[in-house]
Protein chains: 2
Amino acid sequence: MDNIVKIFKALSDPNRVRIVQMLVNKTLCVCEIQEILNLSASTVSKHLSILKESGFLVDEKSGKWVYYRLNTNTNDLAIKQLMLLLPLYLNDDNQILSDKGKLNIACKDELCCI
Amino acid sequence: MDNIVKIFKALSDPNRVRIVQMLVNKTLCVCEIQEILNLSASTVSKHLSILKESGFLVDEKSGKWVYYRLNTNTNDLAIKQLMLLLPLYLNDDNQILSDKGKLNIACKDELCCI
DNA sequence: ACATCATTTCGTTATTTAACGAAGTGATTG
DNA sequence: CAATCACTTCGTTAAATAACGAAATGATGT
């Protein structure tokens, strides 16, 4: 019960839902996510730790950077299914579309890291 | 986005998850739910209104009583799927099993209403 | 009509949450 | 080795949430 409630709590904030959707088929470092969300680094870090703690994300250090990606290898059924279902619910969400658009530009122009 | 976040927020409280699971294949009045959760009537009423507002429940007045049940006729894909998936995640949860046990006894003995 | 019962609404309190900036950590670069 | 960069942790503040009891609402039964 605690586990499933923690999972739903993780998804009950719009900025965290945006993060999860940004990371579909992508690996991003904290500063890229910060750029899109337009929040302070500490706030973004906190959101990422909640998503990691609940099982949605894994991180990987590489030099100065910490990269986050979806925990696609999870054994948790709820996490696995919700990661698949979320995009269906948010495919046509303007915020999510806008985030993805910005991300592509940001990547092309190397807006943030490297 | 607001809609899906509202849905996850509704499920991000253990008492509300318990309510949803109690109502699987059952219709219950507020006082029965109150009996199981062991919370004040006003608190239970608030939880029910959040679940109703987010689309999980519908209510029906009948005399003195208000009956709540799952909104199985919803058009909302997320609500529909989450109602199906939740029991899979909580099948072996002790709290949920205990609630269902108490509910059967309560119904037999007409512990609460009627 | 009146008392009672089931439920909701209101006002309050304690806890949790989201946000920030400042300070701390650890790796990289000059 | 000092400065910088990416990120996290800490401490604070404002807002949201969960809980309660008291009062309001609305139907039932006497």
Side-chain angles (χ1 to χ4, degrees), chain A residues 1-2 5-20 22-23 27-54 56-69 95 106-107 110-114, chain B residues 1-2 5-20 22-23 27-54 56-69 95 106-107 110-114:
Chain A
M1 169 70 90
D2 290 353
V5 167
K6 189 193 269 189
I7 286 169
F8 287 129
K9 230 182 250 287
L11 296 180
S12 71
D13 177 277
N15 288 317
R16 288 196 290 270
V17 170
R18 288 171 70 187
I19 291 173
V20 171
M22 280 182 223
L23 292 174
T27 294
L28 296 171
C29 65
V30 181
C31 57
E32 287 174 300
I33 295 166
Q34 188 193 337
E35 188 70 27
I36 305 293
L37 293 182
N38 201 27
L39 293 172
S40 76
S42 61
T43 301
V44 172
S45 180
K46 179 70 178 161
H47 281 312
L48 287 167
S49 81
I50 289 169
L51 286 168
K52 183 184 164 189
E53 182 64 26
S54 63
F56 282 100
L57 307 186
V58 290
D59 62 352
E60 193 183 348
K61 245 164 260 217
S62 169
K64 274 195 283 197
W65 295 278
V66 178
Y67 290 96
Y68 282 87
R69 56 187 167 76
Q95 180 74 81
C107 284
E110 300 166 352
L111 208 157
C112 169
C113 316
I114 297 207
Chain B
M1 171 70 90
D2 290 354
V5 168
K6 190 192 267 189
I7 286 169
F8 288 128
K9 228 182 252 286
L11 297 180
S12 70
D13 177 277
N15 288 318
R16 287 196 291 269
V17 170
R18 289 171 69 186
I19 291 172
V20 171
M22 279 183 224
L23 292 173
T27 294
L28 297 171
C29 65
V30 181
C31 57
E32 286 173 301
I33 296 167
Q34 187 193 339
E35 187 70 27
I36 305 292
L37 293 182
N38 202 27
L39 292 172
S40 75
S42 61
T43 301
V44 172
S45 180
K46 179 69 177 161
H47 282 312
L48 288 166
S49 79
I50 289 169
L51 286 168
K52 183 183 163 189
E53 183 63 26
S54 61
F56 282 100
L57 307 185
V58 289
D59 62 352
E60 194 182 348
K61 244 163 262 218
S62 170
K64 273 195 280 195
W65 295 278
V66 178
Y67 290 97
Y68 282 88
R69 55 188 168 78
Q95 179 74 80
C107 283
E110 301 166 349
L111 207 157
C112 168
C113 315
I114 298 195

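Below, chains carry the letters A, B, ... as their sequence lines are ordered, and counting in each starts from 1. Below, each value reflects all heavy atoms present in this structure, side chains not excepted, and no hydrogens, waters or symmetry copies.
Side-chain N/O atoms of B:Tyr68 include none lying less than 4.0 angstrom from OP1 or OP2 on C:dA6.
Under a 3.5 Å cut-off, the side chain of B:Ser40 and the backbone N or O of B:Thr43 do form a donor-acceptor pair.
The separation between B:Trp65 atom CH2 and C:dT8 atom P is 14 Å, rounded to whole Å. For the pair B:Glu35 CD and C:dT7 P, the computed distance is 12 Å after rounding to whole Å. Whole-Å rounding puts the B:Asp59 CG to D:dT25 P distance at 19 Å. Between A:Leu51 atom CG and C:dA18 atom P the separation is 10 Å, expressed in whole Å. When the C1' atom of D:dT8 is taken as reference, atom CD of A:Gln34 falls 12 Å away, rounded to whole Å. Separating the NZ atom of A:Lys52 from the C1' atom of D:dT9 is a distance of 14 Å, rounded to the nearest angstrom. Distance, A:Ile33 CD1 to D:dC7 C1': 12 Å, rounded to whole Å.
For the pair B:Leu39/B:His47, a side-chain contact is recorded, criterion being any heavy-atom separation below 4.5 Å from C-beta on. Considering only heavy atoms from C-beta on, B:Ile50 stays 4.5 Å or farther from B:Phe56 through its side chain. The shortest side-chain heavy-atom distance between A:Leu51 and A:Ile19 falls under the 4.5 Å cut-off.
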What protein N or O atoms touch nucleotides 27-30 of chain D N or O atoms at under 3.5 angstrom, if any, and at what distances?
none

Apply the test side chain to side chain contact (heavy atoms under 4.5 Å, CB included) to residues B:Ile33 and B:Leu48: give CA-CA distance (whole Å), side-chain angles for both, the deciding distance (0.1 Å), then the verdict.
CA-CA 10 Å; B:Ile33 296 167; B:Leu48 288 166; 3.9 Å; yes

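The 12-atom threshold is not exceeded at CD of A:Glu53, counting heavy atoms of other residues, nucleotides or ligands nearer than 6.0 Å.
Annotation: salt bridge (charged side-chain N to carboxylate O under 4.0 Å, His left out) contacts of A:Glu60 (sequence neighbours excluded): none.
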Indicate for each nucleotide in nucleotides 10-23 of chain D, in 5' to 3' sequence, whether protein heavy atoms under 4.0 Å reach the base (B), only the sugar-phosphate (S), or nothing (-).
-------SSBBBB-

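Of all heavy-atom pairs spanning B:Arg16 and B:Lys9, the tightest one is NH2-O, 3.1 Å.
Distance CE/A:Met22 to CG/A:Leu28: 7.5 Å, rounded to 0.5 Å.
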